[in-house]
Amino acid sequence: MWDRVFQQSQYEVYAAGDTPREVMAVHRAQSSDGANFIALAARDADAAGGLAETVPRGFTIIHLTDEFPLAVLEPRAQEFHPLPAWLFELLPQDFVDHPDDRVRPLHLGFAGRVAKLWQPDWPAEGYVRRRIEGGPTAAIYQGGQPVAWALTHTITDRVGIIGMVHVLEEHRRKGLARSVVSAVSRELQSLGKRPTLHAFVDNVASLALFPTLGFRKVKRQVWGDAVFR
């Protein structure tokens with residue numbers, strides 16, 4: 001929320017009162033085949049309901065800092081696909097490093113490949129390119145091609161959110177995900193940022209992996225998409 005409210009000028013920000021109980025950041029699609037994006041933080045369901053009218057119509061990616069706003073948003077949607085996820089954080093004293101000499105930065109030329117595997121249903125290449133340019137990345141290559149990688153979604157004054165962690169299927173169960181997440185975490189900490197990330201509640205592999213690096217669960221949030229009326 002901090003990033004979208006204070007760091008990204010393209011977001012519209014909605015709140016009520018001098019000490020708001022709810023804040024919504026909205027980025028509207030720039031083309032007919034693009035996606036809206038909303039991020040919502042609220043103290044309770046009643047507060048979240050106060051911003052329901054600001055939800056954009058059409059295909060929208062959602063990030064909710066709690067699960068209770070789902071009850072407010074679902075009645076406004078003709079399609080609704082929420083994905084509860086655990087928010088993890090890594091404290092410096094808990095970090096279990098996993099250095100790997102094979103790790104290199106992810107080359108910008110592979111943004112398209114990352115985008116297709118991460119979000120095959122919408123044009124995400126531009127976003128991925130911005131994230132490769134705008135934050136730490138880590139990749140392991142074989143034959144000149146990346147087979148495992150990790151990027152960041154957001155970097156604020158305090159935290160860095162790691163995301164788009166992926167290992168090609170034929171290279172899994174070899175510790176590569178641990179290597180690339182460790183590398184990005186290490187670089188974020190060197191920048192004075194606290195590494196954080198999300199893992200969907202049904203992603204058994206990620207839920208088992210992240211604690212081995214020292215990450216701990218903070219709370220359940222929600223990512224997903226919807227088509228709003």
Side-chain angles (χ1 to χ4, degrees), residues 1-5 8-16 20-88 111-131 151-154 161-166 169 196-207 217-229:
M1 289 301 301
W2 178 275
D3 171 65
R4 295 178 179 100
V5 171
Q8 297 200 40
S9 60
Q10 69 269 34
Y11 276 81
E12 303 167 11
V13 180
Y14 299 89
R21 297 168 57 236
E22 69 286 330
V23 177
M24 180 181 288
V26 178
H27 183 270
R28 301 185 188 276
Q30 303 300 299
S31 62
S32 59
D33 61 347
N36 302 309
F37 185 94
I38 63 171
L40 173 63
R43 293 186 181 178
D44 51 48
D46 288 341
L51 293 176
E53 294 298 325
T54 65
V55 174
R57 294 181 179 180
F59 179 70
T60 304
I61 298 170
I62 60 175
H63 175 210
L64 312 177
T65 61
D66 291 278
E67 292 183 280
F68 57 77
L70 290 171
V72 175
L73 296 178
E74 185 169 12
R76 304 185 62 83
Q78 64 188 56
E79 295 182 27
F80 200 56
H81 309 111
L83 297 170
W86 278 104
L87 171 65
F88 284 81
R113 175 180 301 183
V114 172
K116 288 179 181 178
L117 289 169
W118 174 55
Q119 289 289 346
D121 297 327
W122 64 280
E125 182 174 349
Y127 173 79
V128 174
R129 290 179 66 88
R130 291 191 296 274
R131 294 317 313 148
L151 292 79
T152 61
H153 282 298
T154 299
I161 301 179
I162 299 170
M164 292 177 270
V165 180
H166 189 82
E169 187 171 358
T196 63
L197 45 77
H198 291 88
F200 293 119
V201 296
D202 61 353
N203 190 333
V204 176
S206 292
L207 293 173
K217 291 178 179 176
V218 178
K219 64 186 298 188
R220 279 170 60 127
Q221 299 190 337
V222 178
W223 290 87
D225 62 74
V227 177
F228 291 108
R229 300 184 182 90

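Quick note: numbers below take in every heavy atom, side chains included, and nothing from hydrogens, waters or symmetry partners.
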Engineer: Return the minimal non-hydrogen interatomic distance between Ala48 and Glu22, and the atom names on each side.
Structural biologist: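 Of all heavy-atom pairs spanning Ala48 and Glu22, the closest is N-CB, 4.5 Å.
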
Engineer: Quick check: does any side chain N or O of Gln30 sit under 3.5 Å from a backbone N or O of Arg28, one acting as donor and the other as acceptor?
Structural biologist: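 The answer is yes, because a donor-acceptor pair under 3.5 Å joins these two groups.
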
Engineer: Which salt bridge (Lys or Arg N to Asp or Glu O under 4.0 Å) pairs, counting each pair once, include a residue from residues 113-123, with sequence neighbours left out?
Structural biologist: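 Checked against salt bridge (Lys or Arg N to Asp or Glu O under 4.0 Å) - neighbours excluded - no pair reaches residues 113-123.
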
Engineer: Less than 6.0 Å separating the ring centroids of His63 and His153?
Structural biologist: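 Judged by ring-centre distance (under 6.0 Å), His63 and His153 do not meet the cut-off.
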
Engineer: Considering all heavy atoms of both residues, which atom of Leu73 and which atom of Leu64 are nearest to each other, and what is their separation?
Structural biologist: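 Taking Leu73 first and Leu64 second, the nearest heavy atoms are CD1-CD2, 3.8 Å.
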
Engineer: How long is the span from the CG atom in Asp66 to the CZ atom in Arg220, to the nearest 0.5 Å?
Structural biologist: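 Atom-to-atom, Asp66:CG and Arg220:CZ are 11.5 Å apart.
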
Engineer: If you take all heavy atoms of Gln119 and Ala124, which pair is closest and at what distance?
Structural biologist: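 Here Gln119 and Ala124 meet closest at CB-CB, 4.0 Å.
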
Engineer: Where do Leu70 and Pro75 come nearest, in terms of heavy atoms and distance?
Structural biologist: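 Taking Leu70 first and Pro75 second, the nearest heavy atoms are O-CD, 4.5 Å.
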
Engineer: Indicate yes or no for a side-chain donor-acceptor contact from Lys219 to the backbone of Thr65 under 3.5 Å, with no hydrogens or angles considered.
Structural biologist: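 At least one qualifying donor-acceptor pair exists.
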
Engineer: Under a 4.0 Å threshold between the charged nitrogen and the carboxylate oxygen, would Glu53 count as salt-bridged to Arg76?
Structural biologist: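 So Arg76 pairs with Glu53 through a salt bridge.
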
Engineer: Which pair of heavy atoms, one from Pro120 and one from Leu117, lies closest together, and at what distance?
Structural biologist: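 In terms of heavy atoms, the two residues are closest at CD-O, 4.3 Å.
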
Engineer: Do Trp2 and Thr154 touch side chain to side chain, with heavy atoms closer than 4.5 Å?
Structural biologist: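 A side-chain contact under 4.5 Å is absent here.
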
Engineer: Return the CG to OH distance between Leu51 and Tyr14, rounded to the nearest 0.5 Å.
Structural biologist: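 OH of Tyr14 is found 9.5 Å from CG of Leu51.
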
Engineer: Can you check whether Gln8's main-chain N or O pairs, donor with acceptor, with Asp3's side chain at less than 3.5 Å?
Structural biologist: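 No, the answer is negative, given that no donor and acceptor are paired below the 3.5 Å cut-off.
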
Engineer: Only distances under 3.5 Å count here; give the side-chain donor-acceptor pairs of residues 37-44 to other protein atoms, sequence neighbours excluded, each with its distance to 0.1 Å.
Structural biologist:
residue	atom	partner	partner atom	Å
Asp44	OD1	Arg21	NH2	2.9
Asp44	OD1	Asp46	N	3.3
Asp44	OD1	Ala47	N	2.8
Asp44	OD2	Arg21	NH2	2.7

Engineer: Using only atom types and a distance under 3.5 Å, with no angle test, would you say the side chain of Arg57 pairs donor to acceptor with the backbone of Phe228?
Structural biologist: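 No; judged by distance alone, with no hydrogens or angles, the pair does not exist.
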
Engineer: Please report the shortest heavy-atom distance between Gln221 and Leu87, naming the atom on each side.
Structural biologist: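 So the minimum-distance heavy-atom pair works out to NE2-CD2, 3.7 Å.
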
Engineer: Within this structure, what is the CZ-CD distance for the pair Arg4 and Gln10, rounded to the nearest 0.5 Å?
Structural biologist: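 If I round to the nearest 0.5 Å, the distance is 10.0 Å.
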
Engineer: Report the distance from atom CH2 of Trp118 to atom CZ of Arg131, rounding to the nearest 0.5 Å.
Structural biologist: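 If we round to the nearest 0.5 Å, Trp118:CH2 and Arg131:CZ are 10.0 Å apart.
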
Engineer: Any donor and acceptor pair, going by atom type alone, linking the side chain of Asp225 with main-chain N or O of Ile61 inside 3.5 Å?
Structural biologist: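 No; zero donor-acceptor contacts below 3.5 Å.
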
Engineer: Tell me if the CD atom of Gln78 is crowded by more than 12 foreign heavy atoms within 6.0 Å.
Structural biologist: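 Yes - once you tally the heavy atoms of other residues, nucleotides and ligands closer than 6.0 Å, there are more than 12.
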
Engineer: Less than 4.5 Å apart, any side-chain heavy atom of Val26 and any of Asn36?
Structural biologist: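 The answer is no; the side chains never approach within 4.5 Å.
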
Engineer: Can you tell me how far NE2 of His198 sits from CZ of Phe88, rounded to the nearest 0.5 angstrom?
Structural biologist: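 Answer for the CZ-NE2 pair, Phe88 versus His198, is 10.5 Å.
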
Engineer: Using a 4.5 Å cut-off on heavy atoms from C-beta on, say whether the side chain of Val201 contacts that of Trp86.
Structural biologist: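 Of all side-chain heavy-atom pairs linking Val201 with Trp86, at least one is under 4.5 Å.
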
Engineer: What distance do Leu197 atom CG and Ile162 atom CD1 have between them, rounded to the nearest 0.5 Å?
Structural biologist: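 Rounded to the nearest 0.5 Å, the CG-CD1 separation comes out at 5.0 Å.
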
